[in-house]
Asker: 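Please read through the structure below; I'll follow up with questions.
If you're wondering where the values come from, they're calculated on a predicted model, not measured in any experiment.
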Amino acid sequence: MLLIDVVRVSEAVTRTSARLGKISLLAELLGRVGPDEAETAISYLSGELPQRQVGVGWRTLEDLPQPKLAATATLTTVDELLSRIKAVSGQGSQAARKALVAELFAGLTSQEQQFMSRLLFGELRQGALDGVMIEAVAKASGAPSADVRRALTLRGWLPAVGAAALTGGVAALHAFRLEVGQAVSPMLAGSAPNVATALEKAGNPAALEWKLDGVRVQAHRSGGAVKVFTRTLDDITPQVPELVEAVLEMPSEDLVLDGEVLALRPDGRPHPFQVTASRVTSKTNVAQLRERTPLSVFFFDALRVDGADLLDLPYSQRQKALVRTVPQGLLTPRLITGDVAEAEKFFTDVVRAGHEGLVVKSLASPYAAGRRGAGWIKVKPRHTLDLVVLAAEWGHGRREGKLSNLHLGARDPEGGFVMLGKTFKGLTDELLAWQTERFLELAAGPTDSWTVTLRPELVVEIAFDGVQRSPRYPGGMALRFARVLRYRPDKRVEDADTVETVRSLML
DNA sequence: TTCCGACAGTGGGGTCGCAAT
DNA sequence: ATTGCGACCCCACTATCGGAA
């Protein structure tokens, strides 16, 4: 199949706003792709590369060769070239990589070049990713989408599942099983503003678990072999020896567990997330790092114990298996209750202990991977500050022509403002339109092509999860997960929060 | 030879609008 | 009304390459 066929469908999908329309277009193409190219086609049309990452980013794509006039590239040739690019990136020659990228793009028309650039950026923006592709695979193969979803949970990678469905139908989907050593898509949580709301959603009573601010891990054990995967199914086994040892000490030799690793201080309180993330992603000198910053692991779910698959069992039964296998000290603190007051006290406790909040879980829900909001709901405390808008950046995509990304500053009592970060979240279309107009009135000084500097006159109420140490911003602090709550035209800039207030939140 | 800047890719994430149910 | 999905972009960090010191 030619790449241009895929590009044309992608463009048609972009033009169609109806989800069912997108699904039909995608399914139609899947119906005519050959078995050898099915994985590649599914991969491209769900916005990812079969190679995952190939070491090519915006810099490499800055100057591309002249496009070809005739579209002759096939999926197979493009895929092979990308694999070579990845191989070269792995063994260290940027020049060789650049040459291969040039070779790839020289074989593409301008239409294809644009598609390939967006694909490499991970910004396809056709309004269809895995969620839509699952339905397209179902439609093209005649299999129920629940079966596709289930297979995806177990295999973790849609192109492989889709290709199997297209060639082998439902039977091929049913052949996917939980395999020790093969990462499973992790179950994700939705969120709620407070414990009471979360309890309502999860059912009553529900399980409340501490939400630890670390890195999600899935640990697999088969006999003496252990593998550890992240949320995106990357293998981090060499970076977390503590975890490997802990799993090897457990009584079951055939295990899949779900949990969180994080670095704790000697007093038992958690290090900032930055410390944990740094430890987990460091691949060199792990032995030394381990002495200085040991990792702790806390498990909260069991997908397989003693060779028995537990995915379809309700939470309460998976917990029984978990508790039977994992030593008490490695279990995530948990409370089962339907009492709102008791739940709120548990929430206060966990926050006081320095952790993120709670995950409220339905006792009945199976392990339904990949979808947020099903049976798990996270609750975190919310801080707010009144900050001053210092500048704004022009948006992209559906925010084209609108000033979107806000630069936020706290008041410096000495005079002036200290920037604490940016946010684009929490803005409705109406608010975007309003602020674009208002910001242009407040525009001050030179304005580059993407940023508009403002006179600092507008106060905005910002919600955020915490203050972290920042090497980037002048105050040495940045807000974590900042989002706009509302503008405060009633407040004067002199009433905005100060750097001192922010600093006190960092401790 | 060592240092350092730039780039790519990973970890963590919230809220909106739209389509479909 | 509610739900699922994709789009919108954030900050911190490590690994790596290649040129500067």
Asker: Just compare C/dC8, C/dA15, B/dT10 and give me whichever is closest to any side-chain atom of A/K283.
Answerer: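 When the side chain of A/K283 is considered, C/dA15 is the closest of C/dC8, C/dA15, B/dT10.
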Asker: Name the nucleic acid region contacted by A/V54, choosing base, sugar-phosphate or nothing; use a 4.0 angstrom heavy-atom cut-off, strictly under.
Answerer: sugar-phosphate
Asker: Between B/dG9, C/dA12, C/dC5, which nucleotide has the shortest distance from any of its atoms to the side chain of A/A478?
Answerer: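 Of all the options, the side chain of A/A478 is nearest to C/dA12.
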Asker: Taking only side-chain nitrogens and oxygens of A/Q53, does any of them come within less than 4.0 Å of OP1 or OP2 of B/dA8?
Answerer: no
Asker: Which part of the nucleic acid, if any, lies within contact of A/V132, taking any heavy atom under 4.0 Å across all strands shown: a base, the sugar-phosphate backbone alone, or nothing?
Answerer: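 Sugar-phosphate, no base atom in range.
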Asker: Counting distance only, does the side-chain N/O of A/T436 pair as donor-acceptor with the main-chain N or O of A/G401 below 3.5 Å?
Answerer: no
Asker: State which of B/dG11, C/dA7, B/dG14 makes the closest approach to the side chain of A/V215.
Answerer: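 Output: B/dG11.
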Asker: Tell me what A/T284 touches on the nucleic acid: a base, only sugar-phosphate, or nothing, going by heavy atoms under 4.0 Å.
Answerer: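 Sugar-phosphate, no base atom in range.
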Asker: Using a cut-off of less than 4.0 Å, is there contact between a side-chain N or O of A/S278 and OP1 or OP2 of B/dG11?
Answerer: no
Asker: Under 4.0 Å: is that the gap between some side-chain N or O of A/K380 and OP1 or OP2 of B/dG14?
Answerer: yes
Asker: Just checking A/T423: base, sugar-phosphate only, or nothing, at a heavy-atom cut-off of under 4.0 Å?
Answerer: nothing
Asker: Is the NZ or CZ atom of A/R480 both under 6.0 Å from the centre of the six-membered ring of A/F273 and within 45° of that ring's axis?
Answerer: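 Yes, a cation-pi geometry holds between A/R480 and A/F273.
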Asker: Is the distance from OP1 or OP2 of B/dG11 to the nearest side-chain N or O of A/T230 less than 4.0 Å?
Answerer: yes
Asker: The side chain of A/T60 is closest to which nucleotide in this list: C/dC13, B/dA8, B/dG11?
Answerer: B/dA8
Asker: Respond yes when some side-chain nitrogen or oxygen of A/R472 is under 4.0 Å from OP1 or OP2 of C/dC11, and no when none is.
Answerer: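 Indeed, a polar side-chain atom of A/R472 lies that close.
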Asker: Does A/K422 reach a base, just sugar-phosphate, or nothing at all? Heavy atoms under 4.0 Å.
Answerer: sugar-phosphate
Asker: If you only use heavy atoms from C-beta on, which nucleotide in B/dG17, C/dC8, B/dT10 is closest to the side chain of A/D429?
Answerer: B/dG17
Asker: Do A/T501 and A/T498 get their side chains close enough for a donor-acceptor pair, meaning under 3.5 Å?
Answerer: yes
Asker: Give a yes/no answer on whether the side chain of A/R125 brings an N or O atom under 4.0 Å of OP1 or OP2 in C/dC8.
Answerer: yes
Asker: Nearest to the side chain of A/K425, heavy atoms from C-beta on, is which of B/dG14, C/dT14, C/dG6?
Answerer: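 The answer is B/dG14.
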Asker: Contact class for A/A128 (heavy atom, under 4.0 Å): base, sugar-phosphate, or nothing?
Answerer: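 Contact class for A/A128: sugar-phosphate only.
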Asker: Given B/dG13, B/dA20, C/dA15, identify the nucleotide with an atom nearest to the side chain of A/R231.
Answerer: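 Nearest to the side-chain atoms of A/R231, counting from C-beta on, is B/dG13.
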Asker: Can you tell which of C/dA12, B/dG13, C/dG18 lies closest to the side chain of A/Q94?
Answerer: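 Selected nucleotide: C/dG18.
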Asker: May I ask you to say what A/E123 touches in the nucleic acid, namely base, sugar-phosphate or nothing, with a heavy-atom cut-off under 4.0 Å?
Answerer: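 Nothing: the residue A/E123, judged by heavy atoms under 4.0 Å, touches no strand.
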Asker: Taking the nucleotide of DNA chain B with the nearest heavy atom to each, does A/T281 or A/L485 sit closer to the 5' end?
Answerer: A/T281
Asker: Would you please confirm or rule out a distance under 4.0 Å between OP1 or OP2 of C/dC8 and any side-chain N or O of A/N405?
Answerer: no
Asker: Measure from the side chain of A/R398, starting at C-beta and using heavy atoms only, and say which of C/dA7, B/dG12, C/dC9 lies closest.
Answerer: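 Minimum distance to the A/R398 side chain belongs to C/dA7.
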Asker: My understanding is that only one of A/L120, A/V56, A/L119 makes a side-chain contact (heavy atoms from CB on, under 4.5 Å) with A/L82; could you say which?
Answerer: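 Filter result, single survivor: A/L120.
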Asker: Would you indicate what A/V56 reaches in the nucleic acid, counting non-hydrogen atoms under 4.0 angstrom: base, sugar-phosphate, or nothing?
Answerer: sugar-phosphate
Asker: C/dC5 phosphate, OP1 or OP2: any side-chain N/O from A/R149 under 4.0 angstrom?
Answerer: yes
Asker: With a 3.5 Å distance limit and no angle check, can you tell me whether A/S191 reaches the backbone of A/K378 through a side-chain donor-acceptor pair?
Answerer: no
Asker: Using a 4.0 Å heavy-atom cut-off, does A/K98 contact any base of the nucleic acid, only the sugar-phosphate backbone, or nothing at all?
Answerer: nothing
Asker: For B/dT15, does OP1 or OP2 lie under 4.0 Å from any side-chain N or O of A/R483?
Answerer: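 Looking at the OP1 and OP2 atoms of B/dT15, one of them is under 4.0 Å from a side-chain N or O of A/R483.
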Asker: Compare side-chain N and O positions of A/W58 against OP1 and OP2 of B/dC7 and report whether any pair is under 4.0 Å apart.
Answerer: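 So the side chain of A/W58 is outside the cut-off, no N or O lying under 4.0 Å from OP1 or OP2 of B/dC7.
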Asker: Assign A/K211 to base, sugar-phosphate, or nothing according to its heavy-atom contacts below 4.0 angstrom with the strands shown.
Answerer: sugar-phosphate
Asker: Identify whether any heavy atom of A/D213 sits under 4.0 Å from a base atom; if not, whether one sits that close to sugar-phosphate; answer base, sugar-phosphate or nothing.
Answerer: nothing
Asker: Only one of A/R399, A/K402, A/K422 forms a salt bridge (Lys or Arg N to Asp or Glu O under 4.0 Å) with A/E393, so which one is it?
Answerer: A/K422
Asker: Of the listed nucleotides (B/dG12, C/dG6, C/dG18), which one gets closest to any side-chain atom of A/L129?
Answerer: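 Minimum distance to the A/L129 side chain belongs to C/dG6.
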Asker: Measure the NZ-NE2 distance between A/K227 and A/H220 for me, rounded to the nearest 0.5 Å.
Answerer: 9.0 Å
Asker: By the 4.0 Å heavy-atom rule, please label A/G47 as base, sugar-phosphate, or nothing.
Answerer: nothing
Asker: Just checking A/D234: base, sugar-phosphate only, or nothing, at a heavy-atom cut-off of under 4.0 Å?
Answerer: sugar-phosphate
Asker: For A/R19, report the nucleic acid contact type (base, sugar-phosphate, nothing); a contact means any heavy atom under 4.0 Å.
Answerer: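 Since a base atom lies under 4.0 Å of A/R19, the category is base.
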